[in-house]
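Because the structure is a prediction, the values reported are computed rather than measured. Chain A is the first sequence line, chain B the second, and so forth, proteins listed ahead of strands; every chain is numbered from 1.
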Amino acid sequence: MRYSEMFLPTGREVPSDAELISHQLMIRAGLMRKLTSGVYSYLPLGYRVIRKFEQIVREEMNRAGAQEIFLPMVQPAELWQESGRWVRYGKELLRFRDRHDRECCLGPTHEEVITDLVRNEIKTYRQLPRNLYQIQTKFRDEIRPRFGVMRCREFGMKDAYSFDTDEAGAEVSYRKMFEAYQRIFTRCGLNFRPVEADSGSIGGRYSHEFMVMANSGEDAICHCSACNYAANLEKAEIARPAESETAGTTLDVEEVNTPGVRTIEEVCSFLQVAPDAVVKTLIFSVDDTPVAVLIRGDQEVNEIKVKNFLGCDSLELADDAMIRKVTGSPLGFAGAVGIQARVIADYSLLGMSDCVMGANREDYHLRHVKPGRDFPIADYADLRIIRESDPCPRCGGEVRFARGIEVGHVFKLGTKYSKAMKAVFLDQSGKEKIMVMGCYGIGIGRTVAATIEQNYDADGIVWPLPLAPYAVIITPVNVNEKMLADAAAELYHILTEKGVEVILDDRDERAGVKFKDADLIGIPYRVTVGPKRLAGGKMEIKTRRSGEVAILPVSEVTPFLIARIREGL
RNA sequence: CGGGGCGUAGCGCAGCCCGGUAGCGCGCCUGCUUUGGGAGCAGGAUGUCGAGUGUUCAAAUCACUCCGCCCCGACCA
């Protein structure tokens, strides 16, 4: 493509509303433009990158035995009512009515549609397993779209759904997708890692998130420095500590006046104790029933773990009225002694034998409290957020924290949707069985943005070759010098004929401007055609990433580039 | 939805406190010069100052309402 004919608006200024490097560069390099909050148009250069990535995804999905389909974006409410998500999904689901007043929604995901399709067409074990995928635009009415295409409302996603006859088959399907994902992100040249994750409201029992490592990432992850354990921070397990036999306190519980002392910090300084000698009592409203969660004062409760442990639908911190009802006191003085609620405790309470906790009486705390002696604990569980000082739950090694961008997620759905929507088949013995499902997503635009987060420098984007919109840009230093213009055009034609994707920067601009643009848009190889080199029958090839410059006779330029491109893909 | 901030030329911003009819840089157009890392000179175009209402002789500027956008929080395949 000739640069002079391209729709490629580049900018020198950093857009004021862009925070992330990837967002800034995607605007500045003319990859995309915002239409409205969380909704973007891709420009030619950006769309080429998107298609490059989609192609890699397609190749690997097909290789893994999945088949491409294309499902509707507009979906009827009935399907969502059937799965139960019409009620549960919340405001992220954009709902509307058509002219007949029928309720519809824009698909934020396609479990319902695919399950409906499959249950209508697949009747026997002979037709299983199947894995169907699509690359579709999804719409989720995010509360707060941000970071450009990283967290937006309308976005491209590859989603695949597997259907198996049993759990073992589903496990095989899951492994295949897991491996396909490893291949996809490896081919893109990304530094990523799969981490164990909570499966969230989509349901299912276990899942892995594929995280591109980046400090700007929205997700915190925890990984072991010794073994290959890695988990989303919210999921990261903490092993039950060995119980040490402690005699504990022999002192009786004592009530002390602590006027206005509510937070752990205040309690510690008021009573001159360390946070790990205090028990924090949090009252949660669990499906509208109060539950008290006890945890050592220096730790934080992981609400997801609590939710999973209790197996409830909703979990939130109790309001003042509920706190008053179960503790008989306002916020800040809750304790386990005499509380009118189920009590569960984090493992961090094991071994605590002389602690401070709220007295369930305004302006009073208790000291010398001994769990077990002074109040019963129904259950101990892993309910806290992991810290960097905790040992790895698998091998006991040291854990490290890092940040990442979630670009893919593989789920074992089990029978959540197939059961609700009656996706059944007949097995060999003619018995009706429920299909076992899995679902597997990859954020297309987000992966492209994540790629930029990992591949840029002070001058702009540095595309990995497999995702680069063009492999080569030819820059005649002055198009008004016929020698240069002709030599550049000739190279352009030769490369194009050889199937190399190349831009000829034939604009009547100063060399500096062209260099800056070439760097900004991140084309891997730039061929500079200048008067001095050309007089000696040579051209310069500059590698964007390394800055390395090769000066070659004109005849060797094409073979050189083709060889480099071949090894780079 | 709560807290904070911002809407002035295509982009980035000043002007607003202290009302008097809009400016800077980049970009854009024309011409000449220039041509290996975002050129120089000369000339030029471009704004319902986010919208509405009010106060005033007079509103970008003050007040109120609305809309949009951004940041923090809650939320989240």
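- For A/I143, the side-chain atoms get nearest to B/A74 when compared with the rest of B/A74, B/G37, B/G38.
- When only modelled atom types and interatomic distance are considered, A/S4 and A/D506 share a side-chain donor-acceptor pair under 3.5 Å.
- With rounding to whole Å, A/K542 atom NZ is found 15 Å from B/G36 atom P.
- Regarding A/D508, its CG atom lies at a distance of 13 Å from the C1' atom of B/U33, rounded to whole Å.
- When the nearest nucleotides of RNA chain B are assigned to A/E540 and A/E303 by heavy-atom distance, the more 5′-ward of the two goes with A/E540.
- In this structure, A/F515 places its CZ atom where more than 12 heavy-atom neighbours from other residues, nucleotides or ligands lie under 6.0 Å away.
- Distance A/R507 CZ to B/G37 C1': 13 Å, rounded to the nearest Å.
- For the residue pair A/R526 / A/T528, a side-chain donor-acceptor distance below 3.5 Å is found, with atom types taken as modelled.
- Among the heavy atoms of the strands lying under 4.0 Å from A/P531 is at least one base atom, whether or not backbone atoms are also near.
- Nucleotide B/C76 holds its P atom 10 Å from the CD atom of A/E234, rounded to whole Å.
- Listed nucleotides B/C69, B/A74, B/G38 differ in distance to A/T36; the shortest reach to its side chain belongs to B/C69.
- Comparing the C1' positions of B/U34 and B/A42 gives a spacing of 15 Å, expressed to the nearest Å.
- Listed nucleotides: B/C71, B/G38, B/U35. Nearest to the side chain of A/R144: B/C71.
- Distance noted for atom C1' between B/C69 and B/C28: 26 Å (whole Å).
- Within 4.0 Å of A/R526, counting heavy atoms only, lies at least one base atom of the nucleic acid.
- Using a 4.0 Å heavy-atom cutoff across all strands shown, A/R533 reaches at least one base atom of the nucleic acid.
- OP1 or OP2 of B/C72 has at least one side-chain nitrogen or oxygen of A/R146 nearer than 4.0 Å.
- For A/K91 and B/C1, the NZ to P distance is 7 Å, given to the nearest whole Å.
- The gap from the P atom of B/C72 to that of B/C57 amounts to 46 Å, rounded to the nearest Å.
- Of the residues in residues 13-29 of chain A, those lying under 4.0 Å from RNA chain B by heavy-atom distance are A/E13, A/V14, A/S16, A/D17, A/E19, A/R28.
- Minimum atom distance to the side chain of A/V513 is reached by B/A39, of the listed B/C76, B/G36, B/A39.
- Here A/R510 reaches the OP1 or OP2 of B/A39: one of its side-chain N or O atoms lies under 4.0 Å away.
- Straight-line distance between the C1' atoms of B/U46 and B/G23: roughly 14 Å, to the nearest whole Å.
- The closest side-chain donor-acceptor pair between A/Y174 and A/S162, if any, does not fall under 3.5 angstrom.
- For the P atoms, the distance linking B/C1 with B/A59 amounts to 34 Å, nearest Å.
- For A/M150 and B/C71, the CE to P distance is 13 Å, given to the nearest whole Å.
- In the set B/C1, B/C71, B/C76, B/C76 carries the atom at the smallest distance from any side-chain atom of A/R151.
- Annotation for A/G30 and A/L43: closest pair O-CB, 3.4 Å, computed over non-hydrogen atoms.
- Nearest heavy-atom pair, A/R403 versus A/N215, reported as atom, atom and distance to 0.1 Å: CD-O, 3.5 Å.
- At a threshold of 4.0 angstrom between heavy atoms, the contacts of A/D459 with the nucleic acid are absent.
- A sub-4.0 Å separation between OP1 or OP2 of B/C70 and a side-chain N or O of A/K34 is present.
- A/R545 and A/N455 form a side-chain donor-acceptor contact under 3.5 Å, judged by distance and modelled atom types alone.
- The only member of A/R384, A/K280, A/K305, A/R387 that meets salt bridge (Lys or Arg N to Asp or Glu O under 4.0 Å) when paired with A/E300 is A/K280.
- Using a 4.0 Å cut-off between a side-chain N of Lys or Arg and a carboxylate O of Asp or Glu, A/R85 and A/E112 qualify as a salt bridge.
- Atoms NZ (A/K516) and P (B/C26) sit 17 Å apart, rounded to a whole Å.
- Comparing the C1' positions of B/U21 and B/C16 gives a spacing of 15 Å, expressed to the nearest Å.
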